[in-house]
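Right, one structure below, let's go through it.
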Amino acid sequence: MKIEKQLELLTARHVDLFSEDELKKKLEIAATEGRGLRIKYGADPSAPDIHLGHVVGLNKLREFQDAGHTVVFIIGDFTGMIGDPSGKSATRPALSKEQVRVNAESYKKQVFKVLDPEKTEIRFNSEWLGEMKFEDVIRLSSHVTVAQLLARDDFSKRYADNRPISLVEFLYPLVQAYDSVMVEADVELGGTDQLFNLLLGRELQKIYGQHPQCVMTLPLIEGLDGVQKMSKSLNNYVGIDETAKEMFGKLMSVSDELMWKYFHYVLCRTPDEIETMRAGVASGELHPRAVKEDLARSVVDRFVGEGEGAKAAEEFARIFAQKKLPQEMLELALSAEKIGLIDLVVKAGFASSNGEARRLIQQGGVRIDDEQNKDIKAEITPAEGMILRVGKRKFARIGF
RNA sequence: AGUGGGGUACCGAAGCGGUCAAACGGGGCAGACUGUAACUCUGCUGGCUCAGCCUUCGAAGGUUCGAAUCCUUCCCCCACUACCA
């Protein structure tokens with residue numbers, strides 16, 4: 001692929017890039033030497049749930065791979081002990097070797113839905129960090145000043161507000177930067193929140209006599225609520241390992257405005273394509289619902305499997321537009337004896353306590369065979385094929 | 001080590017002797033509405049054998065007819081000062 005063309009492709013959708021000239025130079029050198037660049041990407045080991053927010057970065061990595069470069073995917077099993085210094089909890093318990101291995105397998109399975117395994121090098125940073133002696137840590141620390149670290153927004157704010165910053169958190173960017181040295185990264189990719197850490201990698205590489213890596217950041221996309229960044233802890237994410245049904249439903253609940261972002265960053269639709277759709281919606285030619293369905297369907301097709309999107313769309317229409325029953329639902333085995341409605345709801349796992357079940361019933365959220373039942377004292381005589389529904393989304397078919 | 005501030009339900013945060021299962025906000029759940037699991041509106045949001053009872057406000061004791069609220073001891077967090085290096 002021609003350099004110009006590559007550059008155009010590779011720089012799409014980025015936020016920061018240090019710098020385009022450097023990247024160009026690196027591409028040229030790599031081309032003349034007949035090798036690919038090493039693209040570093042770090043991942044947190046404790047949350048092996050890849051979601052659409054990660055996909056933004058993974059898409060970019062894939063583009064690098066398609067242009068002939070190698071992705072070095074680092075699982076931060078060692079840094080995981082420190083905890084991400086994003087202001088929340090400081091240290092976490094170290095993961096056991098076994099746990100790391102399990103997580104890594106789960107990572108691979110998910111990540112390779114986007115990345116090309118042939119061009120991916122998976123590394124654990126405990127490989128080199130676990131070997132370090134305290135002496136080495138001191139030497140490493142000597143390269144960076146407190147003032148440099150305080151330049152990081154998050155740190156300086158917390159310092160100014162008298163909020164604690166653990167020393168170990170200071171070490172985090174340093175360690176991440178050291179990873180770049182160890183894998184000899186040519187380019188490092190990350191979310192915009194990683195900018196500081198990525199740039200520190202450049203500094204450290206220089207100190208260690210390497211060519212500094214290019215740094216590219218990609219946006220953090222908002223989660224389902226449309227406000228906060230997509231993240232597991234906020235539970236506003238769409239995981240790429242979820243069922244078609246869940247994925248589809250979640251995407252359909254995204255606001256009309258946010259869906260364009262998902263088209264762009266998750267599905268890599270070009271600004272032109274998106275502009276066309278937007279215009280269609282604006283003129284009334286296209287129904288926003290149809291556009292969103294296209295989004296949901298495409299995402300499901302991509303991560304669950306070709307054709308799954310259409311199925312999920314059908315199912316969704318059945319349940320929410322036509323108010324019919326889903327094709328598959330939980331089977332609840334009971335005996336033929338009478339059972340209290342409250343017990344039934346709890347037994348199906350739709351309420352975690354009798355109190356909650358009682359509330360659901362009183363609020364009209366419980367239906368038997370599509371008939372609302374608000375009587376908390378009701379006794380039900382189970383019948384084969386009887387349908388229990390709680391809320392909009394929970395269904396169970398009773399059997400024996 | 002000293003001084004000061006603080007530990008309340010999923011989270012943030014009020015309450016500072018009874019009317020406290022504990023205001024308010026966020027989150028979650030349900031209902032109505034909807035193209036939508038969006039928005040908005042309404043309600044609910046400790047447990048139970050549910051018009052009653054039981055367990056909760058860092059922990060343990062105590063004062064009191066009665067404690068989240070007062071006292072004692074202890075544990076933990078934070079800031080500042082000192083000390084050590």
Side-chain angles (χ1 to χ4, degrees), chain A residues 52 87-91 134 138 157-167 169 221-239 242-262 277 280-282 284-297 299-300 309 312-324 326 339-343 345-346 348-367 370-379 388-395:
Chain A
L52 298 187
K88 299 228 166 173
S89 60
T91 51
F134 198 64
I138 290 171
K157 271 199 197 115
R158 282 160 68 189
Y159 189 69
D161 292 356
N162 280 344
R163 276 181 294 143
I165 303 167
S166 144
L167 192 55
E169 292 182 78
I221 56 172
E222 289 86 358
L224 299 175
D225 54 73
V227 180
Q228 306 257 48
K229 303 302 165 212
M230 184 176 283
S231 83
K232 193 185 178 189
S233 55
L234 291 170
N235 195 28
N236 62 355
Y237 71 104
V238 181
E242 295 193 58
T243 63
K245 191 177 165 182
E246 278 172 294
M247 216 183 261
F248 193 93
K250 284 184 180 180
L251 287 165
M252 287 306 282
S253 80
V254 154
S255 74
D256 289 358
E257 204 36 53
L258 188 58
M259 74 177 169
W260 305 117
K261 246 187 195 171
Y262 285 16
M277 285 191 283
V281 169
E285 233 171 280
L286 273 174
H287 197 294
R289 201 201 106 93
V291 179
K292 202 177 294 173
E293 196 181 304
D294 177 32
L295 169 75
R297 196 190 296 231
V299 172
V300 171
E314 233 173 86
E315 185 79 346
F316 188 83
R318 268 176 83 84
I319 301 172
F320 297 107
Q322 300 161 35
K323 311 263 183 230
K324 286 190 192 155
I339 181 168
L341 189 53
I342 290 176
D343 285 344
V345 171
V346 172
F350 294 161
S352 55
S353 70
N354 290 359
E356 191 184 338
R358 185 172 288 114
R359 267 175 248 130
L360 286 167
I361 293 166
Q362 284 168 341
Q363 291 179 126
V366 175
R367 288 162 196 271
D370 214 33
E371 194 144 330
Q372 202 174 54
N373 191 331
K374 288 189 170 184
D375 180 7
I376 57 169
K377 297 221 170 86
E379 299 256 299
L388 170 70
R389 175 175 182 175
V390 175
K392 291 188 178 70
R393 294 151 57 194
K394 289 179 270 214
F395 298 87

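Chain naming here is simple, since letters A, B, ... match the order of the sequence lines and numbering starts at 1 in each. What's counted below: heavy atoms across the whole structure, side chains too, no hydrogens, waters or symmetry copies. Keep in mind that this is a model prediction, so the values were computed, not measured.
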Quantified in whole Å, what is the [atom1] atom distance between nucleotide [N] and nucleotide [M]?
N: B/rA68; M: B/rA59; atom1: P; answer: 11 Å
N: B/rA9; M: B/rG58; atom1: C1'; answer: 14 Å
N: B/rG28; M: B/rC20; atom1: C1'; answer: 23 Å
N: B/rC78; M: B/rC10; atom1: C1'; answer: 23 Å
N: B/rG4; M: B/rU19; atom1: P; answer: 32 Å
N: B/rG7; M: B/rC16; atom1: C1'; answer: 15 Å
N: B/rG61; M: B/rA14; atom1: P; answer: 29 Å
N: B/rG62; M: B/rG17; atom1: C1'; answer: 15 Å

Given atom [atom1] of [X] and atom [atom2] of [N], what is their separation to the nearest angstrom?
X: A/Glu356; N: B/rU45; atom1: CD; atom2: P; result: 12 Å
X: A/Asp294; N: B/rU36; atom1: CG; atom2: P; result: 18 Å
X: A/Arg289; N: B/rA37; atom1: CZ; atom2: C1'; result: 12 Å
X: A/Leu295; N: B/rU36; atom1: CG; atom2: P; result: 17 Å
X: A/Asp225; N: B/rC11; atom1: CG; atom2: P; result: 19 Å
X: A/Glu293; N: B/rA37; atom1: CD; atom2: C1'; result: 14 Å
X: A/Arg318; N: B/rA37; atom1: CZ; atom2: C1'; result: 18 Å
X: A/Asp256; N: B/rU40; atom1: CG; atom2: P; result: 14 Å

Paired with [N] by Watson-Crick or G-U wobble geometry, both distances under 3.5 Å: which nucleotide is it?
N: B/rG4; result: B/rC78
N: B/rA23; result: none
N: B/rC57; result: none
N: B/rC33; result: none
N: B/rC70; result: B/rG62

Sugar-phosphate only, base, or nothing, as touched by A/Lys245 at under 4.0 Å among non-hydrogen atoms: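 The answer is base, as A/Lys245 lies within the cut-off (heavy atoms under 4.0 Å) of a base atom.
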Touch class at under 4.0 angstrom, heavy-atom based, for A/Gly249 against every strand present: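 Base contact.
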How long is the span from the [atom1] atom in [X] to the [atom2] atom in [Y], to the nearest 0.5 Å?
X: A/Ser231; Y: A/Glu222; atom1: OG; atom2: CD; answer: 12.0 Å
X: A/Leu286; Y: A/Lys292; atom1: CG; atom2: NZ; answer: 13.5 Å
X: A/Asn236; Y: A/Asp225; atom1: CG; atom2: CG; answer: 4.5 Å

Residue list, salt bridge (Lys or Arg N to Asp or Glu O under 4.0 Å) with A/Lys394, at least two apart or on another chain: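 With neighbours one apart ignored, the set is empty.
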Contacts of type ring-ring contact (aromatic ring centres under 6.0 Å, His included), residue A/Phe350, not counting sequence neighbours: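 Scan of A/Phe350 (ring-ring contact (aromatic ring centres under 6.0 Å, His included), adjacent residues dropped) gives none.
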For A/Tyr237, ring-ring contact (aromatic ring centres under 6.0 Å, His included) partners two or more places apart: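 By the ring-ring contact (aromatic ring centres under 6.0 Å, His included) rule, A/Tyr237 matches A/His51.
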Looking only at the side chain of [X] (C-beta and beyond, no hydrogens), which of the listed nucleotides [options] gets closest?
X: A/Leu360; options: B/rA32, B/rA37, B/rA30; result: B/rA30
X: A/Asn354; options: B/rA30, B/rU49, B/rG35; result: B/rU49
X: A/Arg393; options: B/rA32, B/rG35, B/rA37; result: B/rA37

N or O in side chain of A/Lys392 less than 4.0 angstrom from B/rG31 OP1/OP2: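 So the side chain of A/Lys392 is within the cut-off, an N or O lying under 4.0 Å from OP1 or OP2 of B/rG31.
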A/Ser353 side chain near B/rC48 phosphate (N/O to OP1/OP2, under 4.0 Å):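 Looking at the OP1 and OP2 atoms of B/rC48, one of them is under 4.0 Å from a side-chain N or O of A/Ser353.
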Ionic contact status for A/Glu246 with A/Lys250, cut-off 4.0 Å: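 A/Glu246 and A/Lys250: not salt-bridged.
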For [X], which residues count as a side chain to side chain contact (heavy atoms under 4.5 Å, CB included) partner, sequence neighbours excluded?
X: A/Asn373; answer: A/Leu341, A/Asp375, A/Ala378, A/Ile380
X: A/Arg359; answer: A/Glu356, A/Gln363
X: A/Lys374; answer: A/Gln372
X: A/Ala357; answer: A/Ile342, A/Val345, A/Val346, A/Ala351

Contact nearer the 5' end of RNA chain B, comparing A/Phe248 with A/Lys377: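 By nearest-heavy-atom nucleotide position, the 5'-most residue is A/Phe248.
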B/S/- contact track for nucleotides 22-28 of chain B, protein heavy atom under 4.0 Å: -------
Could you write out each protein N or O paired with an N or O of nucleotides 42-44 of chain B at a distance under 3.5 Å?
unit_1, atom_1, unit_2, atom_2, d
B/rG43, N2, A/Gln363, OE1, 2.8
B/rG43, N3, A/Gln363, OE1, 3.1
B/rC44, O4', A/Gln363, OE1, 3.2

Enclosure of A/Glu371 CD (heavy-atom neighbours >12, cutoff 6.0 Å):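 It does not: A/Glu371 CD has 12 such atoms or fewer within range.
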